[in-house]
Amino acid sequence: MSQYTNIKLSAARLIAKFGYAAIIRRVNDADYPVTIVMTEYLPRERDGQLIQQNDRKAIMAAQGLTIVPNPQTDQLIVDQDMQIVTVTPTSPGGDAIIYELQIRR
């Protein structure tokens, strides 16, 4: 058991409580249901090149995921198809707790 198990479970519980349903659609594979929390980037984070004006941040728990989101093969479906630009795991000690997705309409 990882020393981060309680944190991982807490993150999953909070995202399930405050988040909403979405789908990761893997090209030529299948749809994977996920729960996300959607947030905005701060104005200081938007540089107009890497993070554009309409980009959003989606946070999902790693707990229970059967796949790791991949910008080359996946889209995030919320109320419309969104391109996954980057995926950043928070993984102290190599054990992923959450994934932060930069998404673009």
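With a 4.5 Å cut-off on side-chain heavy atoms, Y99 and V68 count as touching. Considering only heavy atoms from C-beta on, E100 stays 4.5 Å or farther from T90 through its side chain. Within the 4.5 Å cutoff, the side chain of P69 has heavy atoms near those of the M60 side chain. You'll find the side chain of M82 stays beyond 4.5 Å of the side chain of I77, heavy atoms only. Put simply, the side chain of V37 reaches to within 4.5 Å of the side chain of T39, judged on heavy atoms. Between L76 and I24, the closest side-chain pair of non-hydrogen atoms falls below 4.5 Å. At least one side-chain heavy atom of I98 sits under 4.5 Å from a side-chain heavy atom of I15. Between V34 and L65, some side-chain heavy-atom pair lies under the 4.5 Å cut-off.
The two atoms that bring A62 and A96 nearest to each other are CB-O, 3.4 Å, heavy atoms only. Counting all heavy atoms, side chain and backbone alike, A12 lies closest to A61 at CA-CB, 3.5 Å. Taking each heavy atom of P71 and V87 in turn, the nearest pair found is CD-CG2, 3.8 Å.
With R46 contributing its side chain and I51 its backbone, the two residues share no donor-acceptor pair below 3.5 Å. Between the side chain of D55 and the backbone N or O of Q52, at least one donor-acceptor pair lies under 3.5 Å. Looking only at distances, a side-chain donor or acceptor of Q102 sits under 3.5 Å from a matching main-chain atom of L50.
Between R25 and D74, none of the side-chain N atoms (NZ, or NE/NH1/NH2) sits under 4.0 Å from a carboxylate O, so this pair counts as no salt bridge. One finds no salt bridge joining K57 and E40 here, because no Lys/Arg side-chain nitrogen approaches an Asp/Glu carboxylate oxygen to under 4.0 Å.
Atoms CG and CD1, on D81 and I103 in that order, are 11.5 Å from each other to the nearest 0.5 Å. Put simply, CZ on R56 and CD1 on I36 are 12.0 Å apart, with the number rounded to the nearest 0.5 Å. Of the inter-residue distances, the one linking D29 atom CG with N70 atom CG reads 11.5 Å to the nearest 0.5 angstrom. In this structure, CD1 in I59 is found 10.5 Å from OG1 in T88, a value given to the nearest 0.5 Å. Here the straight-line distance linking atom CZ of R26 with atom CD of Q72 works out to 10.5 Å at 0.5 Å rounding. A distance of 13.5 Å separates OG1 of T35 from CZ of F18, quoted to the nearest 0.5 Å.
Cluster annotation: Y32 and L101 are assigned to the same hydrophobic cluster (Ile/Leu/Val/Met/Phe/Trp/Tyr, side-chain heavy-atom contacts under 4.5 Å, transitive). Linking Ile, Leu, Val, Met, Phe, Trp and Tyr residues whenever their side-chain heavy atoms come within less than 4.5 Å places I84 and M38 in a single cluster.
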